[in-house]
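For reference, the structure is listed below as structure tokens.
A quick note: this is a predicted structure, and the numbers were derived from the prediction, not measured.
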Amino acid sequence: MMWILMLSVIAVTCSLSQVTSLTGIVCPKRRSRYVTRYQYVSQAYQSRYTTSCGVFGWWRCTRWRTRYRSQRVSYVALEYYYINVCCSGWRIGPTPGKCGIHNLLPKLVSCPNDKIVTGARKTPLTRVTWNAPKFREPHNFHLTILSTYGREWANLPWGSTTVTYTATSQNNNMQTTCTFHIRVNPPEPLPEIGFNTMVGKKILYLTDKRPVTVVCRADHGIPAMILKWLIDGQYVTNGTRYDTKPNGFEAYIDAMNVLTFLPGKEQHNKTLLCQGSRPGESSYYDSVHLSITYELGPLLDFCPADLNITTSERFVTLSWPWPRFTEPKGEDLFIKASVPSNDSQEFGWGTNAIQYIAENPRTKKAKECVFHRNVWPHTCNSSLDAPVMGAMVCGKWDTFKMVVCQGFCHQSRDVLPQDKVPQYWVCGATGYWFPKMDIFGCLAKKDVLLSADRLDDHSRYFTGNCTEPSVKKSLSDTYMQMFKSSPFSSLCNHGQCYPTKVDVKCGYQ
């Protein structure tokens, strides 16, 4: 009856295996299946034999004894296994069977604002410089950046010029552009007052508060001319400033015939009189009415604060309130943003800068609002303890912020028969370990000649004292060698397989 029961045993066990049909940036996905397995069991049975008995041993008596024999039996096991699928945001290519192409555009970190400069005098071209825009490839692949001029300066003619930078990811050939405009205005002629010539009304609109210089020139045919200035009927003597009232103009003489106004109120009207005279002769006069208006740019009333988000999702959609700008004169503003959507966007892990620029189309004055939406994964809730008479070796990889650990035993020790030690422990963006952190120790003494290794790989046994630097380096090298041939090898691609990313923790020796 026992034999029949042993043949009909159906056991449900769990095991883990990895299917690596897909490589590259892959994530494991668990599947299950039933498989038939076999094992040998020991069976007891009774064996009959005879011995001599009775008087003088003339009789034969029957005896029974218990004997054992080995028999193979089958059972059904529930097996869990993993298949590799492309992680979120990745697709297969350019190599068949490998997830190596992501679907993100290069990030535009900063782009220069439009620029207005005044052209140089006595030359048709003006040298203009600017700061190079900054791009970032989301997964640190190489970017090819091409620009209109191939450098951060150019000799530009008067007028408007468009400068474009294009960043192309070598991973997916997707492009992001930065475009800005440079306007070179002709140099403004100095308002001049010439003797015996009425210049008339002068109106200046200035887009920033800078001094205004007025020059009075005498005819070349009048030698030894002495020049004096009158502003609204008051003389301005050399070295003396005129009108030092708050929010008013300040005017002073740079040279005998040059008068400079310092900026004050937004708009001023002044009547200037240039007087020239020579000893023994009557004075020469000429006047001009000068109107100066300073144009102020947009004002920033509200800009969202920076925000840090912690999530296990590789990408998360975030929203924010709109920045608020006002124009002092009530004119329309043109607002452009560095993100496609006005109030929400999908972000991956990292630091993400969001930029809004409000510009007055007439004056070209602009105001900027920059804030950040920083997205970070969870950190692992705790670290794995090293086993007694063993070591725990862990690699911390930037890709998907994953930590992969592997246990080792000293060559004279092994794990207990009832301990099931997985090949790897993995902790990702969720902050939890898989499988769960089952503590084990290398507590069983090992007979090197007779005992089989209970860990899945002979390389997971080391010699020497774990605390010695040479032993730690050997453990680190063994871990890296096994890791590069494991299903997780893609985590340290793109030049990230550095020894500094591997940590060796020794247990009680």
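Screening residues 133-174 for disulfide bond (SG atoms under 2.5 Å apart), with sequence neighbours left out, gives no hits. Sorted by first and then second residue, the ring pair (Phe, Tyr, Trp, His ring centres under 6.0 Å) pairs with a member in residues 95-114 read Trp90-His102, His102-His139, His102-Phe141; sequence neighbours excluded. For the salt bridge (charged side-chain N to carboxylate O under 4.0 Å, His left out) condition, no pair includes a residue of residues 124-144, sequence neighbours left out.
Atom NZ of Lys107 is surrounded by more than 12 heavy atoms from other residues, nucleotides or ligands within 6.0 Å.
In terms of the ring-ring contact (aromatic ring centres under 6.0 Å, His included) criterion, residue partners of Tyr424 (sequence neighbours excluded) are, by chain and number, Phe488. Applying the ring-ring contact (aromatic ring centres under 6.0 Å, His included) criterion to Phe408, with sequence neighbours excluded, gives no partner residue. Residues forming a salt bridge (Lys or Arg N to Asp or Glu O under 4.0 Å) with Lys473 (at least two apart in sequence, or on another chain): Asp477. In terms of the side-chain hydrogen bond (donor to acceptor under 3.5 Å, both in side chains) criterion, Arg373 has no residue partners (sequence neighbours excluded). Remark: Thr144 pairs with Gln170 by the side-chain hydrogen bond (donor to acceptor under 3.5 Å, both in side chains) rule, at least two apart or across chains. Residues that satisfy the ring-ring contact (aromatic ring centres under 6.0 Å, His included) test with Phe334, not counting sequence neighbours, are absent from this structure. Evaluation of the side-chain hydrogen bond (donor to acceptor under 3.5 Å, both in side chains) rule for Trp158 yields no partner, not counting sequence neighbours. In this structure, Asp114 has no side-chain hydrogen bond (donor to acceptor under 3.5 Å, both in side chains) partners at least two apart in sequence or on a different chain.
With 2.5 angstrom as the limit on SG-SG distance, Cys27 and Cys87 come in below it.
Ring centroid separation for the pair Tyr165 and Trp130 does not come in under the 6.0 Å cut-off.
Taking NE2 of His142 as the start and OG of Ser169 as the end, the distance is 9.5 Å to the nearest 0.5 Å.
Among all heavy-atom pairs drawn from Pro304 and Phe371, the shortest one is O-CB, 3.1 Å. Pairing each heavy atom of Cys394 with each of Val403, the nearest pair is CB-CG1, 4.2 Å. The shortest heavy-atom contact between Val184 and Thr126 is CG1-OG1, 3.9 Å.
Residues Ile335 and Ile357 fail the side-chain proximity criterion, which asks for heavy atoms closer than 4.5 Å.
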Between side-chain atoms of residues 173-182 and protein atoms elsewhere (two or more places apart, or another chain), which donor-acceptor pairs fall under 3.5 Å?
{"from": "Gln175", "atom 1": "NE2", "to": "Thr168", "atom 2": "OG1", "distance (Å)": "3.1"}
{"from": "Thr176", "atom 1": "OG1", "to": "Pro106", "atom 2": "O", "distance (Å)": "2.6"}
{"from": "His181", "atom 1": "ND1", "to": "Thr162", "atom 2": "OG1", "distance (Å)": "3.0"}

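Between the side chain of Arg460 and the main chain of Gly407, a donor-acceptor pair closer than 3.5 Å is present.
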